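The block underneath contains the structure these notes are about, expressed in structure tokens.
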Amino acid sequence: MTSTWTTVLQAVALTLVLVLGVATVCIRSPLRQLVAFSMFGLSLVVAFTTLMAADVAIAEAAVSAIAVPMVLLPVIYKTGGGGDRSHDRGNR
Amino acid sequence: MTLYPYVVAGVLFVAGLAGTVTARSYIRLAVCLSVMQSSTYVLLLALGYRRGTSPPVTQGQPPGSPLSDPVVQALTVTDIVVSVVVLALVVSLALLAHRASGTVDPEQMRATRG
Amino acid sequence: MSRTTWRAVLLVPGLAVVLGMLVWAFAGLPGFGDRVGDYGRLINQLAQSQRHVTNFVTAVMFDYRGIDTMVEEFILFTSVTGVALLLRSTREVDENPPHDVVTSDAVRTAGGALAPVLLLFGLWTIAFGYITPGGGFQGGVLASAGALLLWLAGSYRIFQRSAPETLLDAAEGLGAAGYVAVGLLGMAAGGAFLTNTLGLGSAGTLASGGTIAALNWVAGVEVTAAFLLLYREFTQEYIETFRRAEARA
């Protein structure tokens with residue numbers, strides 16, 4: 001019984017990874033892409049846990065929640081986001 | 001379910017590749033590159049999993065229980081740390097390019113002259 | 001724009017071909033959940049008796065594949081040096097320090113209370129890395145977040161003061177050099193580079209693993225220092241923006 005539960009959880013987690021990964025690529029505004037990328041990192045943590053990889057899950061959780069936003073946010077602020085921001089002008 | 005994780009890894013790779021090729025901003029390029037790298041983690045860990053196993057740590061488990069593959073997980077931890085430093089380097093290069101030319105759009109930067 | 005439509009027309013068949021080739025290649029792999037890797041199976045059987053540790057991923061990272069981890073430490077070291085070189089080369093120096101102190105009492109209290117908790121949690125993850133899931137790298141990133149919280153919940157001056165540059169440079173260099181030193185210790189004892197020569201204790205306690213424990217701590221110190229240097233460079237960029245915005249206002 002536990003092995004079917006594990007398989008169901010793995011399927012759900014991998015589907016979440018797929019959806020969030022494609023969403024991260026499709027989003028245009030860089031700030032929203034950063035939020036989606038952090039959620040993608042969280043879904044990867046859940047997927048790694050269901051794949052029975054505990055150390056990898058801890059490493060990915062630490063990196064995607066702490067290091068990635070810390071590295072990307074100052075550069076997004078400094079460069080004003082770059083191209084692909086035509087959708088943002090209405091929501092200032 | 002026998003092919004599903006591999007399909008997820010393949011689609012993530014191609015999606016990241018599409019985002020990298022069509023990026024109009026170097027920051028977007030860096031994030032899509034990270035998505036491509038994440039697809040390799042999914043592939044490696046899906047290879048290392050065996051049905052009915054637990055994580056490869058024996059503390060607190062009855063001895064003799066089946067464990068998943070630790071070699072692939074060690075490779076993936078190395079890969080995660082390398083991906084964050086690659087992200088930092090690409091993004092700081094984008095910042096320098098922005099300082100020099102005022103834009104992060106690869107299309108609008110002037111070609112360098114020798 | 002015709003250029004983007006041309007790009008889409010050329011791109012979609014190419015990507016479809018790549019996706020098809022990938023799925024065809026993956027179909028030749030063993031089915032999900034059926035593969036038993038021989039190297040991994042042997043390590044699961046033998047690692048506890050050979051090295052007296054209970055976390056086999058850490059044993060693989062710091063003992064069986066210790067050379068790969070050493071090269072990865074050097075990658076971390078050189079890329080943080082590269083980022084520092086890149087970002088410091090074109091930064092302008094300003095005289096007036098900015099005013100960026102966080103004024104909300106709730107944020108200051110919560111952040112100030114949680115920063116040592118995060119640091120302790122990171123150190124615990126490093127220390128017990130070869131017994132329970134964790135390790136040098138995971139704990140190093142968590143410990144660096146403890147100092148980062150001081151910037152988020154306080155001001156950047158507190159962060160710069162709590163993570164002084166000379167100390168971080170020294171810690172990072174010592175971490176990278178310490179790894180090589182432990183490897184040379186194995187050579188001095190008569191074996192190959194990175195042989196496990198310190199005494200293996202009893203599995204499940206902190207005094208086990210021999211050089212795995214030493215390499216674990218060395219890697220943890222180096223990763224903490226490297227990530228803190230990275231955060232310093234990037235917060236310096238952020239504060240520069242504040243300075244210029246204030247000068248204009």
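As the structure is a prediction and not an experimental result, all values here were calculated from the model. Scope of the values below: all heavy atoms of this structure, side chains included, with no hydrogens, waters or symmetry mates. Convention: sequence-line order gives letters A, B, ...; per-chain numbering from 1.
- Considering only heavy-atom pairs separated by less than 4.5 Å from chain A, the leading option among B/V7, B/V31, B/V42, B/V77 is B/V31.
- B/T58 OG1 to B/L67 CG: the interatomic distance, rounded to the nearest 0.5 Å, is 7.0 Å.
- Interface residue A/T15: backbone and side-chain heavy atoms are both found under 4.5 Å from chain B.
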- Go through the steps for B/Y6 and B/L47 under the test side-chain contact (heavy atoms from CB on, under 4.5 Å), then give the verdict. CA-CA 9 Å; B/Y6 306 142; B/L47 275 177; 3.7 Å; yes

- After noting the C-alpha distance and the side-chain angles of B/I27 and A/I76, does the key distance pass the side-chain contact (heavy atoms from CB on, under 4.5 Å) rule? CA-CA 8 Å; B/I27 302 169; A/I76 292 181; 4.0 Å; yes

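- Interface remark: A/V63 contributes side-chain atoms only to the contact with chain B (heavy atom separation under 4.5 Å).
- A donor-acceptor pair shorter than 3.5 Å cannot be found between the side chains of A/T24 and A/Q33.
- For the options B/P55, B/A18, B/S54, B/G52, heavy-atom pairs under 4.5 Å to chain A are most numerous at B/P55.
- At least one side-chain heavy atom of A/T6 sits less than 4.5 Å from a side-chain heavy atom of B/Y49.
- Between chain B and the options A/D55, A/V56, A/L18, A/L72, heavy-atom pairs under 4.5 Å are most frequent for A/V56.
- Interface remark: A/L34 contributes no atoms to any contact with chain B (heavy atom separation under 4.5 Å).
- For chain B, the nearby part of A/L44 is the side chain; its heavy atoms alone come within less than 4.5 Å.
- In this structure, B/L87 CG and B/Q37 CD are separated by 8.5 Å, a value rounded to the nearest 0.5 Å.
- Both the backbone and the side chain of A/A11 come within less than 4.5 Å of a heavy atom in chain B.
- Interface remark: of the candidates B/D69, B/I80, B/T53, B/I80 forms the most heavy-atom pairs closer than 4.5 Å to chain A.
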- Residue pair B/Y26, B/H98: steps toward the side-chain contact (heavy atoms from CB on, under 4.5 Å) verdict: CA-CA 10 Å; B/Y26 276 122; B/H98 175 83; over 6 Å; no

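- For B/V8, the parts sitting under 4.5 Å from any heavy atom of chain A are the backbone and the side chain alike.
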